[in-house]
Amino acid sequence: MFFRFLLGNHSKLDHFASLVNFNVCEEYPVLSTINEMTGGEAIARLLRAQGIGPMFGMGGFQLLPFYDAARRLGLTHSLINDERCGIFAADAYAKITGRVGVVDATLGPGATNLVTGLIEALNAGTPIVAIVGNSHRLHSWKNMTQESKQVEILRPAVKELIKVEMIERLPELVRRAFQIATTGRPGPVVLDIPEDICHASYPFDPEELDVPQLYQRIPNLRTRPDRQSIDEAVQLLKYSKRPLILAGGGVHLSDAAQTLETFAETFSIPVAHTMTGKGSISCSNTLSAGLFGRYDRIANQFIETSDCLLVIGCKLGEIATKRFTLPPKNVPVIHLEVVAEEIGRTLQPTVALWGDAKEGINDLTSAMSTHAEKQRTERAGYIKDIEKHMNNWRISVKGRLTSEEIPINMARLMHELNNELPKEAILVADGGFAAHWGGLLYDTKRAGRGFLPDRGFASIGYGLPGAIGATLAKSGPVIAITGDGGFNMTLGELETAKRMHLEFVIIVVNNAASGYVKALQHLMYGEGAYQSSDLEETNYAEAAESLGCKGIRVEDPSKIREAISIGLSQKGCPTIIDLVVTRDPAKMLPGVDNRAATIKKGDRVA
């Protein structure tokens with residue numbers, strides 16, 4: 001009765017506590033009013049107001065109140081076995097849906113494990129918010145467990161790092177993180193949360209926490225090029241006989257693929273794409289010139305003979321320009337780009353269009369609409385030439401695409417994927433071989449992001465966690481390609497996928513080597529000159545089965561189609577196809593037309 005009396009009277013409880021010098025926890029006192037909540041709960045409620053999807057993370061003491069609130073609020077949060085895989089999964093989810101990917105990590109090693117994925121998101125323009133715990137500020141720099149200069153480590157890897165210093169600013173700063181992540185060129189934002197902020201309490205105004213917020217997805221706050229620049233671009237385009245669009249990943253960030261395809265068809269302008277720009281136009285469209293840059297089908301020769309290039313959402317980096325040998329210096333270039341600093345970084349365009357890709361395309365369409373029929377008529381022969389060259393290319397490589405070679409030829413795998421996957425499928429491609437083979441040979445069947453490579457940082461190890469994130473996006477069936485080296489890095493996440501009952505197919509390109517490295521050593525130093533590029537022969541189908549997943553080993557190319565079909569119909573767990581491909585490093589580099597590589601000092605050919 002005495003304690004019930006005290007609990008019903010806060011002033012007497014406070015007086016009693018002072019008399020007996022009683023405190024439940026000096027650092028984290030009992031909440032004093034019914035409206036108070038921990039900083040961790042405030043963060044969880046703010047995330048709910050942002051309409052977030054799945055979260056990935058590995059907990060620690062610093063963020064425990066956040067985890068407890070996420071449980072009580074019913075937020076979707078999944079334990080990941082490595083924080084790098086968590087941010088890769090969040091990155092893939094965000095790339096496909098346009099919604100902000102959310103990941104969390106504890107201080108020290110948890111924070112530093114995020115770096116690779118943060119840079120992928122930074123370079124690729126992926127909207128990510130990473131919630132990272134930090135040490136209690138009362139005890140900082142007194143050799144706290146796992147403490148490091150994580151703010152200094154993370155800051156160069158993100159678009160913005162926001163360190164929360166006062167608990168009452170949480171609503172403002174969480175909203176700010178989402179705004180920064182989704183505007184301009186999207187990117188990752190770290191919210192650095194000290195332990196004392198997450199565990200402490202504050203009487204927040206519920207309206208600050210629970211009202212649905214803006215900045216939930218990209219694109220946001222679209223900008224438009226100035227009218228004079230649009231007029232200058234129109235003058236170049238409408239008189240051009242052989243124009244060519246070079247489309248990069250910015251087309252997808254702007255949700256502009258269908259707009260671009262319509263624009264290309266309206267004015268009869270062919271489209272070539274980067275690896276991340278694949279899907280800017282359907283690969284089956286007769287206006288598609290395919291991949292350009294380091295590897296291409298026919299696009300590079302049409303860049304060479306073009307009389308006007310319209311570059312959209314592409315940074316024109318090393319891969320796209322074939323190490324800065326494309327395009328020719330005499331070709332007029334119009335560059336439409338949302339980040340002004342990227343314009344002129346690798347070449348000075350004839351006309352710079354600073355603005356959002358979709359808005360820029362719409363403005364060009366409006367300004368040229370009266371000339372559309374005339375342009376289509378004048379370019380009819382040019383478009384037939386594109387179609388003829390593409391058909392000839394397909395005929396020339398048919399032997400490789402349908403190869404019966406054992407071990408299996410990678411071109412045959414891509415051919416079977418093109419035949420078997422539905423138009424709504426998502427093909428996730430790991431860094432290295434998988435991205436280059438996929439970028440060159442995979443055909444998307446509609447405009448939109450159906451091909452998902454991690455080209456921001458081109459890190460291997462993206463395939464499996466990328467498949468997890470892509471599956472949670474619920475856009476269509478998911479198939480991932482990874483090398484055995486990349487799969488070795490992240491194999492433990494099969495446990496994550498099995499625990500989450502996710503259904504996707506991951507194809508492990510098993511060449512018992514760090515294939516790119518071994519192929520380059522062969523190319524540059526000759527047969528037998530290999531160092532630290534071989535892997536142990538491993539049966540990944542058996543490894544998958546031991547983790548409760550479906551495993552299929554394929555050594556005969558005639559069995560690829562059946563394996564893909566089984567995988568796509570598998571319920572309750574992922575399917576791992578262990579695809580045994582060539583061990584010959586002379587056949588490992590992506591390419592199907594047997595063109596010889598010529599190497600000069602300083603060249604990087606792959």
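Fair warning: this is a prediction, and the values are worked out from it, not measured in the lab.
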Point to revise | Taking every non-hydrogen atom, the tightest pair across L114 and E83 | key: CD2-O, 3.7 Å

Exercise for review: In plain terms, say whether E120 and R84 are close enough for a salt bridge, that is, a side-chain N and a carboxylate O under 4.0 Å apart.
Suggested key: no

**Study point:** Residue E152 excluded, over 12 heavy atoms near CD under 6.0 Å
**Key:** yes

**Study point:** Residue pairs passing the side-chain hydrogen bond (donor to acceptor under 3.5 Å, both in side chains) test where at least one lies in residues 459-478, sequence neighbours excluded
**Key:** D91-Y462

Practice item. Could you tell me whether E424 and R446 make a salt bridge, using a distance below 4.0 angstrom between a side-chain N and a carboxylate O? Key: no

**Study point:** T182: side chain to side chain donor-acceptor pair (under 3.5 Å) partners, not counting sequence neighbours
**Key:** none

Practice item. Check whether more than 12 heavy atoms from other residues, nucleotides or ligands sit under 6.0 Å from atom NZ of K559, and answer yes or no. Key: no

Study note, to complete from the structure: Residues C198 and I193: closest non-hydrogen pair is CB-CG2, 3.9 Å

Point to revise | Option from D82, N81, T490 for which side-chain hydrogen bond (donor to acceptor under 3.5 Å, both in side chains) with T496 holds | key: N81

Check your understanding: Are any of the side-chain heavy atoms of Y295 and L589 separated by less than 4.5 Å?
Key -> yes

Practice item. Mind running side-chain hydrogen bond (donor to acceptor under 3.5 Å, both in side chains) on Y93 and R99 for me, showing each step along the way? Key: CA-CA 8 Å; Y93 173 84; R99 298 170 69 187; 3.0 Å; yes

Practice item. Take D556 and S558 through the test side-chain hydrogen bond (donor to acceptor under 3.5 Å, both in side chains) and record every step on the way to the result. Key: CA-CA 5 Å; D556 185 327; S558 67; 2.9 Å; yes

Review point. Considering residues, nucleotides and ligands other than K159, do more than 12 of their heavy atoms fall under 6.0 Å from its NZ?
Key: yes

Point to revise | Test side chain to side chain contact (heavy atoms under 4.5 Å, CB included) applied to E493 and F88, step by step | key: CA-CA 11 Å; E493 299 305 337; F88 280 163; over 6 Å; no

Exercise for review: Answer yes when R553 and E542 have at least one side-chain N-carboxylate O distance shorter than 4.0 Å, and no when they do not.
Suggested key: no

Review point. Checking side chain to side chain contact (heavy atoms under 4.5 Å, CB included) against E420, which of I564, I479, I560 comes through?
Key: I564

Practice item. Would you please test S284 and K445 for side-chain hydrogen bond (donor to acceptor under 3.5 Å, both in side chains) and show each step? Key: CA-CA 6 Å; S284 59; K445 299 176 177 66; over 6 Å; no

Check your understanding: Are R394 and D443 ion-paired here, with the side-chain N under 4.0 Å from a carboxylate O?
Key -> yes

Check your understanding: Is there side-chain contact between Q150 and L107, with at least one heavy-atom pair below 4.5 Å?
Key -> yes

Practice item. Verify side-chain hydrogen bond (donor to acceptor under 3.5 Å, both in side chains) between E41 and T38, making sure each step is shown before the conclusion. Key: CA-CA 5 Å; E41 179 164 350; T38 64; 4.9 Å; no

Practice item. Would you please classify the geometry between the Y516 ring and the F433 ring as parallel, tilted or perpendicular, with 30° and 60° separating the classes? Key: parallel

Check your understanding: Stepwise, does the side chain to side chain contact (heavy atoms under 4.5 Å, CB included) test hold for R45 with D210?
Key -> CA-CA 6 Å; R45 289 176 64 169; D210 298 328; 2.3 Å; yes

Exercise for review: I would like to know whether K163 and N134 meet side chain to side chain contact (heavy atoms under 4.5 Å, CB included); could you show each step before the answer?
Suggested key: CA-CA 10 Å; K163 187 172 178 65; N134 209 336; 3.6 Å; yes

Study note, to complete from the structure: H77 meets the ring-ring contact (aromatic ring centres under 6.0 Å, His included) criterion, sequence neighbours left out, with Y67

Review point. In this structure, which one of L417, L579, I577 forms a side chain to side chain contact (heavy atoms under 4.5 Å, CB included) with I481?
Key: L417

